[in-house]
A.B. asks: 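What follows is a structure written as structure tokens; I'll ask about it next.
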There are 2 protein chains.
Amino acid sequence: MPTPERTSLDEIVSAAARLLETGGVAAVTMQAVAQDVGVKAPSLYKRVRDRETLLGLVGGAAADDLTARLEAASGIEDQLLVFRRFAHERPEAFRLLFTATVDADKLAATSAPVLRATSATVGADHALDAARLLTAWATGFVTMELAGAFRLGGDLDDAYDYGIAHLVGSLVSD
Amino acid sequence: MPTPERTSLDEIVSAAARLLETGGVAAVTMQAVAQDVGVKAPSLYKRVRDRETLLGLVGGAAADDLTARLEAASGIEDQLLVFRRFAHERPEAFRLLFTATVDADKLAATSAPVLRATSATVGADHALDAARLLTAWATGFVTMELAGAFRLGGDLDDAYDYGIAHLVGSLVSD
DNA sequence: ACCTGAACACCGTTCAAGT
DNA sequence: ACCTGAACACCGTTCAAGT
């Protein structure tokens, strides 16, 4: 006798993402996720191989979210601001992007809108180098910021603006 | 009747660091650390509050290691190469730097040698901005590299060299 | 076909008891 | 003063048994 499905993979990933942002990665327990979707822990294994791949799926969904935001931004400067805003809104998900085993294609897709923007201002030949320069800088800035590595005073908003102006300026003058 | 100490905090942190690089953060178990230093797990709590602070201490030691290497480097370009080499040699420790709760001072001390180098080439006024620009970029580049986020081809060694040349060049022309 | 209870191996951590 | 065995609560994961 078939039993109706009581949850779905999407529901599970969403619940995990919610738990992640609420209590950090340690809070996304198979038991907590199961409870949130109204099921017992063993049932999760019908839809997900194990906890590690579940975290990878959460990271993948976060990458999709970030990519969509970057696509909606207009211009390089705006993209860089959107990037940092994402990290502030969803710091745990942001960390997961580089911590969990996220689908490499989803992670790479994040760079596509940036690549388009740099291509427009620096030419196709240097678009990849420029995009890597910008995304690496923004990723590092936010990573260090979230880790509390910037201790030497000064407003971080200003520091970020300074970096944007400097980097974009250095690209144009090539 | 007093019992002689059978281990030390240093030994514990070293064992944890070794386990970390061998099997990732999941492998640094209180039991595994205890076994490596010749003691039972409960004894570790005489020297360390809990696992989280132990990981923080490992991160702090890694920060010291990195700082020493950066101090020994000569010039900005060399520092940036040393930075990436460190991340390749000790990828798990590198991740821990921004993942565990590392002593903020030790983390900040990492920037001191970079700050000295930028001060020499860009002047004291812009030394902090320049140092942040460089460390943020290098951190992000390596983080993305380790996460496999650079999928769009091209040699990463060359890409790193390109970034160094571009960034240092942009600083000098200020 | 999906779900669950029970079980297993393995964690981190506490604490009374040993020496 | 340090160390340990035993215990506790809590994990991830498997699987036979239910419906």
Side-chain angles (χ1 to χ4, degrees), chain A residues 1-61 92-93 95-96 99-103, chain B residues 1-61 92-93 95-96 99-103:
Chain A
M1 184 78 82
T3 310
E5 315 196 347
R6 221 162 289 181
T7 182
S8 68
L9 182 59
D10 271 8
E11 241 185 11
I12 290 170
V13 174
S14 296
R18 217 176 316 124
L19 286 164
L20 174 73
E21 226 56 73
T22 304
V25 69
V28 20
T29 297
M30 297 303 271
Q31 323 220 17
V33 173
Q35 188 174 27
D36 278 19
V37 302
V39 105
K40 299 295 180 180
S43 298
L44 297 179
Y45 294 84
K46 210 88 244 197
R47 325 223 187 265
V48 152
R49 175 184 292 274
D50 54 21
R51 181 173 179 267
E52 190 183 334
T53 74
L54 174 55
L55 289 176
L57 293 174
V58 174
E92 297 292 343
R95 282 198 190 92
L96 255 197
T99 275
T101 43
V102 176
D103 180 63
Chain B
M1 186 77 83
T3 309
E5 316 195 345
R6 222 161 290 182
T7 184
S8 68
L9 182 58
D10 272 6
E11 242 185 9
I12 290 169
V13 174
S14 296
R18 217 174 317 124
L19 287 164
L20 174 73
E21 226 56 73
T22 303
V25 70
V28 19
T29 298
M30 297 304 272
Q31 324 221 15
V33 173
Q35 188 173 26
D36 277 19
V37 301
V39 105
K40 299 293 180 182
S43 297
L44 297 179
Y45 294 85
K46 238 343 29 135
R47 317 248 189 308
V48 150
R49 175 184 292 277
D50 54 21
R51 181 173 180 267
E52 189 184 334
T53 75
L54 173 55
L55 289 176
L57 292 175
V58 174
E92 298 292 342
R95 282 198 188 92
L96 214 56
T99 277
T101 44
V102 177
D103 180 63

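The structure displayed is predicted, hence computed values, not measured ones. Below, read A as the first sequence line, B as the second, and so on, with proteins coming before strands; counting in each chain starts at 1.
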A.B. asks: Within the 4.5 Å heavy-atom criterion, are L96(A) and V102(A) side-chain neighbours or not?
C.D. replies: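 A side-chain contact is absent here, since even the closest heavy-atom pair is not under 4.5 Å.
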A.B. asks: For the pair made of NZ in K46(A) and C1' in dC2(C), what is the distance, rounded to whole Å?
C.D. replies: 6 Å
A.B. asks: Look at R47(B) and dC3(D) and indicate whether a side-chain polar atom (N or O) is within less than 4.0 Å of OP1 or OP2.
C.D. replies: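 For dC3(D), OP1 or OP2 has a side-chain N or O of R47(B) closer than 4.0 Å.
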A.B. asks: In whole Å, what is the span from the OH atom of Y45(B) to the C1' atom of dC15(C)?
C.D. replies: 13 Å
A.B. asks: Could you go through nucleotides 4-7 of chain C and list every protein N or O atom that sits under 3.5 Å from one of its N or O atoms, giving the distance for each pair?
C.D. replies:
residue, atom, partner, partner atom, Å
dT4(C), OP2, K40(A), N, 2.9
dT4(C), OP2, S43(A), OG, 3.1

A.B. asks: For nucleotides 9-11 of chain D, tabulate all protein N/O to nucleotide N/O atom pairs closer than 3.5 Å, reporting atom names and distance.
C.D. replies:
none

A.B. asks: Run the side-chain donor-acceptor check on residues 11-38 of chain B: report pairs under 3.5 Å with partners two or more places apart or on a different chain.
C.D. replies:
residue, atom, partner, partner atom, Å
E11(B), OE1, T7(B), OG1, 2.6
S14(B), OG, D10(B), O, 3.0
E21(B), OE1, A93(B), N, 3.3
E21(B), OE2, E92(B), N, 2.7
T22(B), OG1, R18(B), O, 2.8

A.B. asks: Report the secondary structure of DNA chain D in dot-bracket form, marking unpaired bases with a dot and bases paired to a different strand with |, and treating Watson-Crick or G-U pairs with both distances under 3.5 Å as paired.
C.D. replies: ||.|||||...|||||.||
A.B. asks: Heavy atoms within less than 4.0 Å of DNA chain C: which residues of residues 10-21 of chain A have one? Give them sorted by number.
C.D. replies: none
A.B. asks: If you round to the nearest 0.5 Å, how far is OG1 of T101(B) from CD of E52(B)?
C.D. replies: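 Taking CD in E52(B) and OG1 in T101(B), the distance rounds to 4.5 Å.
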A.B. asks: Could you tell me which non-hydrogen atom of R47(B) sits nearest to which non-hydrogen atom of R6(B), and how far apart they are?
C.D. replies: NH2-N, 4.3 Å
A.B. asks: To the nearest 0.5 angstrom, please state how far the CG atom of L9(A) sits from the CG atom of L44(A).
C.D. replies: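 The distance works out to 10.0 Å.
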A.B. asks: Holding to salt bridge (charged side-chain N to carboxylate O under 4.0 Å, His left out), I want the full list of residues that pass it with R51(A), two or more places apart in sequence or in another chain.
C.D. replies: none
A.B. asks: What distance do D50(A) atom CG and L55(A) atom CG have between them, rounded to the nearest 0.5 Å?
C.D. replies: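 Going from the CG atom of D50(A) to the CG atom of L55(A) covers 9.0 Å.
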